[in-house]
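Here the structure is laid out as structure tokens; the discussion comes afterwards.
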Amino acid sequence: MNIWNGPFRAYEYWADLAENEPDFLIDGMLHAATNTVSGKPTVGKTRLVAAMAAAIAKEESEFCGSEIIGAGPVMVISTDAGETRCWGLRMREHGVPDGRVGIAKFNPLDWRLYEGQAKAARLLILDNLTGSLGNARIGDDDAARRICQPLAEIAENGTTVLMIAHSAKNFEAQSGKYTPTGVMGSTVYQAW
């Protein structure tokens with residue numbers, strides 16, 4: 001007898017998901033739920049993510065020596081002007097078959113559309129965190145929650161989510177350089 005309704009489901013539902021769904025989409029590299037890629041500017045964050053996306057969309061068996069455990073269609077949501085075109089060219093460069101990657105320009109009013117489309121995708125990429133904030137500040141916890149909450153819902157429904165983010169900088173006294181220390185801004189992103 002099932003007495004649970006609304007957001008509650010019997011524990012068997014969650015246990016079955018845990019047993020049947022892999023922990024990683026790319027073994028040891030890309031978690032099956034939520035991920036963030038951050039690093040110094042121009043180090044190749046987007047190129048790395050594009051290569052992973054292409055391998056998943058092409059249903060390859062491995063990426064950089066790590067097993068691809070779940071493959072399928074990929075969604076890319078781009079926040080930077082002109083990047084949707086660049087994402088198209090990246091997928092073409094990787095030889096991704098037509099229709100395997102859907103690319104959209106970010107619109108904060110379209111979260112429900114993204115959530116609906118994500119049900120057919122194996123991976124959703126948000127490129128990038130800073131651009132998705134609009135006029136909000138990177139350190140604003142409420143703005144961070146407005147981005148992370150719908151992404152977490154998409155991940156909870158079974159689509160792997162990868163967010164590209166800029167890094168915070170930390171001054172290394174001995175080297176005289178600033179180095180990335182993790183995702184820049186609200187601690188909500190770090191918890192993500």
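All residue numbers refer to positions in the sequence shown, counting from 1. The analysis underlying the following values was restricted to heavy atoms, covering all of them including side chains, and did not include hydrogens, waters or symmetry mates.
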Query raised in the report: Considering only heavy atoms from C-beta outward, does the side chain of Leu124 approach that of Leu151 to under 4.5 Å?
Result: yes
**Report entry** Flag side-chain contact, heavy atom, 4.5 Å: Ile147 against Trp111
**Finding:** yes
Query - Side-chain ion pair, Glu59 and Arg122, N-O less than 4.0 Å - result: no
**Report entry** Aromatic ring pairing Trp4/Phe8, orientation class (parallel under 30°, perpendicular over 60°, tilted between)
**Finding:** tilted
Report task. Hey, could you give me the CG/CH2 distance between Asp127 and Trp87, rounded to the nearest 0.5 Å? Result -> 5.5 Å
Report summary line: In this structure, CD1 of Ile154 is separated from CE of Met75 (nearest 0.5 Å) by 6.5 Å
Report task. Show your working on side-chain contact (heavy atoms from CB on, under 4.5 Å) between Glu115 and Glu153 and close with a plain yes or no. Result -> CA-CA 8 Å; Glu115 190 173 341; Glu153 288 175 21; 3.4 Å; yes
Query - Qualifying residue, where the test is side chain to side chain contact (heavy atoms under 4.5 Å, CB included) with Met52 and the options are Ile125, Ile26, Leu123, Ile68 - result: Ile26
Query raised in the report: Just one of Asp80, Thr46, Val49, Ile77 clears the side chain to side chain contact (heavy atoms under 4.5 Å, CB included) bar with Asn128, so which one?
Result: Asp80
**Report entry** Side chain Asn35, main chain Val161, donor-acceptor under 3.5 Å
**Finding:** yes
Query raised in the report: Backbone N or O of Ala33 within a donor-acceptor pair of the His31 side chain at under 3.5 Å?
Result: yes
Query raised in the report: For the residue pair Phe106 and Ser132, what are the closest heavy atoms and their distance?
Result: CE2-O, 3.5 Å
Report summary line: In terms of heavy-atom contacts, Arg90 and Ala50 come closest through CD-CB, 3.7 Å
Query raised in the report: Are Trp14 and Tyr11 close enough that their ring centres sit under 6.0 Å apart?
Result: no
Query - Same apolar cluster: Met163 and Phe24, side chain cutoff 4.5 Å - result: no
Requested in this report: Take atom CD of Glu156 as the centre, draw a 6.0 Å sphere, and report whether it contains more than 12 heavy atoms from other residues, nucleotides or ligands.
Outcome: no
